[in-house]
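Following this message is one structure expressed as structure tokens.
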Number of protein chains: 2
Amino acid sequence: MSETDDLPSPPGSFEALRLQLMARRDTLPKRLAQVAAYAIENPDDVALSTASSLAARAHVQPSTLVRFAQVFGYSGFADLQAVFRERLRDRVPSYEARLSALADSAQEATASGLLFDGFADAAEHSIKGLRSRLRPDQFDEAVEVLAGAETIYLIGQRRSFAVSSYVSYLLGTLGIKHVLVSSPLRNDVEICKFANERDAALAISFTPYTLSTIDSAKIIAEHGARLVVITDSPFSPLLTHARSWFEVVETDFNGFRSLTATMTLSMTLAVAIANARRERSA
Amino acid sequence: MSETDDLPSPPGSFEALRLQLMARRDTLPKRLAQVAAYAIENPDDVALSTASSLAARAHVQPSTLVRFAQVFGYSGFADLQAVFRERLRDRVPSYEARLSALADSAQEATASGLLFDGFADAAEHSIKGLRSRLRPDQFDEAVEVLAGAETIYLIGQRRSFAVSSYVSYLLGTLGIKHVLVSSPLRNDVEICKFANERDAALAISFTPYTLSTIDSAKIIAEHGARLVVITDSPFSPLLTHARSWFEVVETDFNGFRSLTATMTLSMTLAVAIANARRERSA
DNA sequence: CCAGTTTCGGAATTTATATTCCAAATTTGA
DNA sequence: TCAAATTTGGAATATAAATTCCGAAACTGG
């Protein structure tokens, strides 16, 4: 290439570079685009790694990183990396400061900003609440039940369906045999009749309890499978059949309850089940 | 010195190292104490500088830094620096790190408790991150697009399906006409063809992007409906067709990403759409 | 104040890392 | 479809960094 090429702009700040990357995203050759995507998604990694380890993670050659940097006007990778490091330096001291700045600026926030803040507060509060309430032994108990099962039946409708479908996704990626009993609208009661005493079920339900969720859980329990329940009250009708249960109280904001504590708990369950299985087979 | 010297403890976490430094501060030789003071006061600098530039700023020789590291049980400066870099990385400490920190602190906690704490930290961190990144104007833009639509198409598979099914539930209770294009396993492409220019779509997808999600979004956009996207990178292929988009970076813990920030954002969107509709009709 | 011991500074060495270069592969334009 | 231009992978090289080593200096205890 001729030396009259474009090297007008070695962006000096992370934000400037970020804009450039986005602007030129479509005109960049394949590997360079790959690097650009990786760099934006893992800026910390770019700041702290060596060129070769970074190259390996982004599935390119070290030399590609150097070329990438040069295309954007830097003299080499080190030069580019300096920008990412600068960002890291600034951020850490300002991290706490940003939180308080956020509180200050809440005054001139828009309506939708307030809405988001409210839901975000509710989410954080829910998680904090679950944190203080969750007892490790009850957790271990539930994991034992579910990890010992041949097939895990997942029950949850309406808002709980989001959670059970997520658990289904996680168990799928973890290679754990399971059945998602619920569809968004109703449960497949026929499927529940296949359960036996080697199986277990995870039922998730909050007030007002959906009838078919209770029915499905009951059928599965009557077929001998053990039942783990996530619910919001010790008076939940699901508990009659439960072997082990969690009380999760989601914080309410404007009449809508967060789902984050339930999601976080379920996620932990899924991974803990996989860990327990791995230990058993080892 | 004899080789039976103390090298029992190369602290694995920044906090552990910090404790050691403070404990041994008074028994350390002059230059080493000097380094210790500098390191505690400028941890970012230690993480990001080279040994020699650091040495210059702390007014010691590079070799002193190496000795300093070795006195604390590390093999050399690079080893010590790794601890400072780990602290800087924007992710919650890994499960393994928590386990070893646990061993040091002699605190009582179970393995599954640590797992839950990790996911809970990741969830809170994700929400904090979104809070600081979210711009009210982009939010208003997205709400306008979606609130103005006759029908809202919801697209999201795999992990994102949990979110879009949740949005579907919320929109349902709010009485807002919508279609859930995705099932847990695939998208119903036929349904996308019914979209027209009075409609809008909300597509949710994260790396690695599911092909049929991209296809569905494309078809809907080509039929004239406006597209709002929630994704984790400005390089997401979905953005080609997007009218408005959100970047949501979920924090990773042990290879699993939280979903809470996305859930919280989606929840806010759903309620904001309902509010906007109410204002219009009033 | 002196011998033994520890600590320190700085040059020499080793190791790791970024960079360059060129042939092979791929893409682009005609 | 083919030739020209661009892009890429990977080995070779240059550069920069960490580490070692050893003589000199500074402490320590008697």
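In what follows, every chain begins at residue 1, and chains take the letters A, B, ... in the order their sequences are listed.
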Please work out which residues in residues 26-36 of chain A have a non-hydrogen atom less than 4.0 Å from an atom of DNA chain D and list them by number. A:Pro29, A:Lys30, A:Arg31, A:Leu32
Nearest-Å distance for atom pair CZ/P, residues B:Arg67 and D:dA18: 15 Å
Should the ring pair B:Phe72 and B:Phe68 be called parallel, tilted or perpendicular, given that the plane angle runs from 0 to 90° and is split at 30 and 60?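 Ring orientation of B:Phe72 relative to B:Phe68: tilted.
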Starting from C1' on C:dT19, measure out to CZ on A:Phe77 and report it in whole angstrom.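 So the CZ-C1' distance, A:Phe77 to C:dT19, works out to 12 Å.
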Crowding at CZ, B:Arg57 (>12 non-hydrogen neighbours, <6.0 Å):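 Yes, the 6.0 Å shell around CZ holds more than 12 heavy atoms from other groups.
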If the helix axis at each end comes from five base pairs, how far does the helix from C:dC1-D:dG30 to C:dA30-D:dT1 deviate from straight, to 10°? 40°
Is it the case that more than 12 heavy atoms not belonging to A:Arg18 sit under 6.0 Å from its CZ atom? yes
Please table the atom pairs, donor to acceptor, closer than 3.5 Å between any side-chain atom in residues 138-145 of chain B and protein atoms at least two apart or in another chain.
| from | atom 1 | to | atom 2 | distance (Å) |
| --- | --- | --- | --- | --- |
| B:Gln138 | OE1 | B:Arg135 | N | 3.1 |
| B:Gln138 | NE2 | B:Trp245 | O | 2.9 |
| B:Asp140 | OD1 | A:Ser112 | OG | 2.6 |

I need the CG-P distance between B:Leu48 and D:dA17, as an integer number of Å.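 The answer, rounded to whole Å, is 14 Å.
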Looking for any heavy atom pair under 4.0 Å, which part of the strands does A:Ser63 touch: base, sugar-phosphate only, or nothing?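 Base: the residue A:Ser63, judged by heavy atoms under 4.0 Å, touches a nucleobase.
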What's the CD-P distance between B:Gln61 and C:dA11, to the nearest Å?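 Going from B:Gln61 (CD) to C:dA11 (P), I get 8 Å.
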Roughly how far apart are B:Phe206 CZ and B:Ser236 OG, rounded to 0.5 Å?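 Going from CZ on B:Phe206 over to OG on B:Ser236, the span is 9.5 Å.
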Distance check: side-chain N/O of A:Gln70 vs OP1/OP2 of C:dT20, anything under 4.0 Å? yes
For the pair made of CZ in A:Phe68 and C1' in D:dT7, what is the distance, rounded to whole Å?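 One finds 15 Å between C1' of D:dT7 and CZ of A:Phe68, rounded.
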Contact between B:Ile220 and B:Ile155 at the side-chain level, heavy atoms closer than 4.5 Å - yes or no? yes
Measure the distance from CG on B:Asp79 to P on D:dT20 and round it to the nearest whole Å. 11 Å
Whole Å only: how far is the CD atom of B:Gln81 from the P atom of C:dA16? 15 Å
Main-chain N/O of B:Thr210 paired with B:Arg158 side-chain donor or acceptor, under 3.5 Å: no
C:dA16 phosphate, OP1 or OP2: any side-chain N/O from A:Thr50 under 4.0 angstrom?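 The answer is no; no side-chain N or O of A:Thr50 sits under 4.0 Å from OP1 or OP2.
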Steps toward salt bridge (Lys or Arg N to Asp or Glu O under 4.0 Å) verdict (B:Glu250, B:Arg159): CA-CA 12 Å; B:Glu250 297 276 7; B:Arg159 45 202 301 275; 5.9 Å; no
Does B:Ser52 or A:Val60 map to a spot on DNA chain D nearer the 5' end, using the closest nucleotide for each?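 On the 5' side of the pair lies A:Val60.
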Rounded to the nearest angstrom, tell me the gap between atom CG in B:Leu65 and atom P in C:dG9.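 Rounding to the nearest Å, CG of B:Leu65 and P of C:dG9 are 11 Å apart.
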Using atom types as modelled and distance alone, determine if a side-chain donor or acceptor of B:Gln34 lies under 3.5 Å from a backbone N or O of B:His59.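 Checking the backbone N and O of B:His59 against the side chain of B:Gln34, a donor-acceptor pair under 3.5 Å is found.
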